[in-house]
Protein chains: 2
Amino acid sequence: MATSNKQKQGDTWQEKYQEYLLHNGLKSTVQRDLIANEFYRLKGHITAEDLHANIRKKHSSIGLATVYRTLKILASAGIAHERRFNDGFTRYEFFDPEDRHHDHIVCISCGKVEEFENDEIEELQKSVAKRYKFTMLDHKLEIYGRCNNCSTKAKNG
Amino acid sequence: MATSNKQKQGDTWQEKYQEYLLHNGLKSTVQRDLIANEFYRLKGHITAEDLHANIRKKHSSIGLATVYRTLKILASAGIAHERRFNDGFTRYEFFDPEDRHHDHIVCISCGKVEEFENDEIEELQKSVAKRYKFTMLDHKLEIYGRCNNCSTKAKNG
DNA sequence: AAGCTTATTGACAATGGCTATCAATTGAAA
DNA sequence: TTTCAATTGATAGCCATTGTCAATAAGCTT
Ligand SMILES: [Mn+2]
Ligand SMILES: [Mn+2]
Ligand SMILES: [Zn+2]
Ligand SMILES: [Zn+2]
């Protein structure tokens, strides 16, 4: 076949999405596809409600429940990652298999979220898990603080 | 005075508690004091409901809302620390000013929570915050996995 | 010790993010 | 097309936590 020699780097998220639907007896629907595409288009760390609000602008009949449902599917398919910071919302971010693992630094004042990678921390975590005889499956590292902008604002007016 | 030359190491949590109440127009009540003492006695990472259940054994009339309220006060007073792992409950743990900061490694199978300290990770976090020009106020590091016991169980039975 | 003022309590209602339910609709296989 | 399971939007329900409120208790002040 034309694509099989391309060491699977050509797998787009859309292909992954369709494959997941197929293998799980799920259907491609106009709402589902729309939500998935809009999710991809918007980027960032988005809540179901934010995404729903955005979609509503063009497609006012799509229900919030369907957005929740679709985000869960995308997460199960490995296309989205669930994130829970400390604001009571579940957020989703698009996951590209090319991307490396990253953690987050969050501004508690304006909500800005920056991403960072730190191999040393990752390694140290592994050693901690080992020391406590835990099989590490996941981890969560979040730094909370005030971004440069918000720190400056606080100092002045 | 008899205590003033003791570089404040003699401050018990009870003193801190009473002081906090005083300075904030709050009252010492039998329920409040009971909840605070039971919280101290039980240790661990406890939920409001767990604590309430324990107290109910001896004092069946104490309301759950009062337990919630008291835990919030203890947190504000710096006597308890709030923790949110990924099980949907807010947990509280007693905080001793003598203790150093620690993070957590959590078994997703049996719920066991171990505590660890790692200065290298702490330092690396500071450097990340600095790189992103964030004023770090807090951070959360949790390792999720399976404890030795639960890993073994999974392999066999 | 009694009165006074304000905080506190327990019961219960309400909140809010999210999920379950259900009748109507749609996708896709035949 | 027909068929039939999957999907949808609306809405009810869930559940940890918080708000409300009338009754009560703390901690002054006399
Ligand atoms: Mn991210
Ligand atoms: Mn702890
Ligand atoms: Zn900010
Ligand atoms: Zn375990």
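By convention in this document, chain letters (A, B, ...) are assigned in the order of the sequence lines, proteins followed by strands, and residues within each chain are numbered from 1.
Residue contacts for B:Thr47: at a heavy-atom cut-off of 4.0 Å it reaches no nucleic acid atom on any strand shown.
Along DNA chain D, the nucleotide closest to B:Arg84 and the one closest to B:Leu22 are compared, and the more 5′ of them pairs with B:Arg84. Mapping B:Phe89 and B:Leu26 onto DNA chain D by nearest heavy atom places B:Phe89 closer to the 5' end of the strand.
The phosphate of C:dT19 has OP1 or OP2 within less than 4.0 Å of a side-chain N or O from A:Lys72. Phosphate contact (OP1/OP2 of C:dT9, side-chain N/O of B:Ser61, threshold under 4.0 Å): absent. Phosphate contact (OP1/OP2 of D:dT18, side-chain N/O of B:Tyr68, threshold under 4.0 Å): absent.
When each of A:Phe39, A:Tyr40, A:Phe95 is paired with A:Trp13, the ring-ring contact (aromatic ring centres under 6.0 Å, His included) condition holds for A:Tyr40 and for no other.
Closest to the side chain of B:Gln31, from the set C:dG27, C:dG10, D:dG9, is C:dG10. Checked against D:dG27, D:dT8, D:dA26, the side chain of A:Thr29 finds its nearest nucleotide in D:dT8. Ranking D:dG27, C:dG10, D:dT17 by closeness to the B:Thr90 side chain, first place goes to D:dT17. The side chain of A:Thr66 sits closest to D:dG9 out of D:dG9, C:dT9, C:dG27. Looking at the side chain of A:Arg69, the nearest of the listed nucleotides D:dG27, D:dA6, C:dT21 is C:dT21.
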Check against ring-ring contact (aromatic ring centres under 6.0 Å, His included), B:Phe85 and B:His104: CA-CA 9 Å; B:Phe85 303 146; B:His104 299 91; 5.1 Å; yes
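Atom CG in B:Leu71 sits about 10 Å away from atom P in D:dT17, given to the nearest Å. C:dT26 atom C1' lies 7 Å from atom NZ of A:Lys27, rounded to whole Å. Between the CG atom of A:Asp33 and the C1' atom of C:dG27 there is a distance of 11 Å, rounded to whole Å.
Residues from residues 48-56 of chain B that place a heavy atom under 4.0 Å from any atom of DNA chain D: there are none.
Taking the six-membered ring for Trp and the full ring otherwise, the centers of A:Tyr92 and A:His81 sit at least 6.0 Å from each other.
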